[in-house]
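Order of listing sets the numbers, starting from 1, for every ligand and every atom in it. Count residues from 1 along the sequence.
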Amino acid sequence: METPTVGGHADASSSDRPALDAIVHRLACPHCRATPLRRDHRSIRCRAGHSFDIARQGYVSLLSGRHRHRGDTAAMVAARETFLSSDHFRPLRSTITALAAEHAPRLPELVVDLAGGIGHYLSSVLDALPGSWGLAVDLSPAALRRASRAHPRAAAIAADVWEPLPLAPRTTGVVLSVFGPRTVAEIDRILTDEGVAIVATAGPEHLRELRDRVGTIGVDPRKPDRLRRAFTGFVQVAQHAVRWRLALRHDEVGALAAMGPSAHHSDPEQRQRAIEQLPDLVGVTAAMDVTVLRRQR
Ligand SMILES: C[S@@+](CC[C@H](N)C(=O)[O-])C[C@H]1O[C@@H](n2cnc3c(N)ncnc32)[C@H](O)[C@@H]1O
Ligand SMILES: [Zn+2]
């Protein structure tokens, strides 16, 4: 395999995107649903002639033009990258990776990270599954730029997870869905018969010490029973409650607050003033649930 170009100014010549070349035949046209798509130098195309440019930053936009949602801002994505690089969420990352290694089908050729952000979890899972290729799906250009170089075997596309995914049916061995929006019917459609979905959600007590003081941060109110109901036609094959304590400096609390959904609404200066009132090292609860689901046979 050729080493992909790493860096912000990668040019999309025909040899520098091995991951895109490896997965392009599993993509579907967002306009006419034709599949497979094919690479043609700096674009990918369907047989009806719809064409999608490979951005200089390495990802491809397969948006249908209908999407009404927005992804994370550049500031949120930068905060996410800063926070995740500290590896404070390592217990979550290790759990997701171990569950993927244990429950993935024998040859999961494709791992799709839905609303995958910067590809943080996707890259670990690809390390654990050496024969697999990865695809990060997100709406945020800033996140996609990072995701497209998160791992030599990862590609990235812009798509709205609330719309039909631009993927052929029964193409995906593992779907990751970590704190992001998801459509179960589409997960169902893209998974192979042996495929699994690995879903991480925040428990009710996640970051509870910060909620009142710094705003509601990254809390997913979805309860496990709600997840089970949403995944009709699936069985849970594993569920892990991951709980640990974080000790965070002010700048780390700031990054955590700035990367979460509340950053869309809250005022950064007000948030900073609230953070300054906290002790130098802030003790915080991390509480996530990771569930592995497979289609009922
Ligand atoms: C809370 S972040 C989680 C990112 C990643 N899974 C992680 O845990 O690091 C949610 C992500 O969903 C993306 N997003 C939001 N709405 C979306 C949509 N409708 N379609 C695709 N991605 C979306 C955001 O851009 C953001 O990267
Ligand atoms: Zn088409």
Student: Nearest non-hydrogen atom to atom 27 (O) of ligand 1 belongs to which of Asp138, Leu165, Leu63, Val77?
Tutor: Asp138
Student: Output the list of atoms in ligand 1 that are nearer than 4.0 Å to some heavy atom of Leu84, sorted by atom number.
Tutor: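 Per the distance check, 9 (O).
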Student: Of the options Val196, Val125, Val290, which is the one that meets Leu99 in a side-chain contact (heavy atoms from CB on, under 4.5 Å)?
Tutor: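 Of the listed residues Val196, Val125, Val290, the side-chain contact (heavy atoms from CB on, under 4.5 Å) partner of Leu99 is Val290.
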Student: Check Asp289 with Arg243, please: is the shortest side-chain N to carboxylate O separation under 4.0 Å?
Tutor: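 Looking at Arg243 and Asp289, the cut-off is met.
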Student: Is it the side chain (CB and beyond), the backbone, both or neither of Ala115 that lies under 4.0 Å from ligand 1, heavy atoms counted?
Tutor: both
Student: What part of His120 sits under 4.0 Å from ligand 1 if we count only heavy atoms: the side chain, the backbone, both or neither?
Tutor: neither
Student: In sequence, state the C-alpha distance, the side-chain angles, and the governing distance for Thr171 and Arg26, and then conclude on side chain to side chain donor-acceptor pair (under 3.5 Å).
Tutor: CA-CA 6 Å; Thr171 43; Arg26 295 168 191 272; 5.5 Å; no
Student: Are the side chains of Val24 and Pro36 in touch, meaning some heavy atoms are under 4.5 Å apart?
Tutor: no
Student: Can you list the ligand 1 atoms lying under 4.0 Å from a non-hydrogen atom of Val178?
Tutor: 3 (C), 5 (C), 6 (N), 8 (O)
Student: Specify whether Phe89 and Trp244 have parallel, tilted or perpendicular ring planes, treating 30° as the upper limit for parallel and 60° as the lower limit for perpendicular.
Tutor: perpendicular
Student: So if I count the atoms of ligand 1 from 1 in the order they appear, which ones are less than 4.0 Å from some heavy atom of Gly117?
Tutor: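 Answer for ligand 1: 4 (C), 5 (C), 27 (O).
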Student: With respect to Val161, determine whether any N or O atom, backbone or side chain, lies less than 3.5 Å from an N or O atom of ligand 1.
Tutor: yes
Student: I'd like to know if Ile187 and Leu167 are part of one continuous hydrophobic network [Ile/Leu/Val/Met/Phe/Trp/Tyr, side-chain heavy atoms within less than 4.5 Å].
Tutor: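 Yes; Ile187 is reachable from Leu167 via cluster members.
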Student: For ligand 1, which atoms sit closer than 4.0 Å to a heavy atom of Phe179?
Tutor: 1 (C), 3 (C), 8 (O), 10 (C)
Student: Around atom CZ of Arg170, are there more than 12 heavy atoms from other residues, nucleotides or ligands closer than 6.0 Å?
Tutor: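 Buried by this count: over 12 neighbours within 6.0 Å.
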Student: Would you call Glu194 and Arg297 a salt bridge, taking side-chain N to carboxylate O under 4.0 Å as the test?
Tutor: yes
Student: Do Leu256 and Leu281 sit in one hydrophobic cluster, given that two such residues count as connected whenever their side-chain heavy atoms are within less than 4.5 Å of each other, even indirectly?
Tutor: no
Student: Would one find an N, O or S atom of His50, in either backbone or side chain, under 2.8 Å from the Zn ion (ligand 2)?
Tutor: yes
Student: Which is it for Met259 and ligand 1 at heavy atoms under 4.0 Å: side chain, backbone, both or neither?
Tutor: neither
Student: Any idea which part of Ala159 is under 4.0 Å from ligand 1, heavy-atom wise: side chain, backbone, both or neither?
Tutor: backbone
Student: Check whether any side-chain heavy atom of Val161 sits under 4.5 Å from a side-chain heavy atom of His69, and report yes or no.
Tutor: no
Student: If the cut-off is 4.0 Å to any non-hydrogen atom of Trp162, which atoms of ligand 1 fall inside it?
Tutor: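 Going through ligand 1 atom by atom, the ones under 4.0 Å from Trp162 are 19 (N).
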Student: Below 3.5 Å, N or O to N or O, backbone or side chain included: is there any such pair between Asp113 and ligand 1?
Tutor: no
Student: Please state which protein non-hydrogen atom is closest to atom 7 (C) of ligand 1 and give its distance, to 0.1 Å?
Tutor: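 For atom 7 (C) of ligand 1, the nearest protein heavy atom comes out as Arg80 NH1, 3.5 Å.
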Student: Asp160 heavy atoms, cut-off 4.0 Å: which ligand 1 atoms fall inside?
Tutor: 18 (C), 19 (N), 20 (N)
Student: Considering the heavy atoms of Pro181, write down every atom of ligand 1 situated less than 4.0 Å from one of them.
Tutor: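 Reading through ligand 1 atom by atom, the close ones are 12 (O), 15 (C), 16 (N), 17 (C).
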Student: Looking only at protein heavy atoms, identify the closest one to atom 22 (N) of ligand 1 and say how far it is in Å.
Tutor: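 Answer, as residue, atom name and distance: Leu139 N, 3.4 Å.
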Student: Please list, in number order, the atoms of ligand 1 under 4.0 Å from a heavy atom of His69.
Tutor: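 Those of ligand 1 that fall under 4.0 Å from His69 are 19 (N).
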Student: On the 0 to 90° scale, with breaks at 30° and 60°, tag the His31-Phe52 ring pair as parallel, tilted or perpendicular.
Tutor: parallel
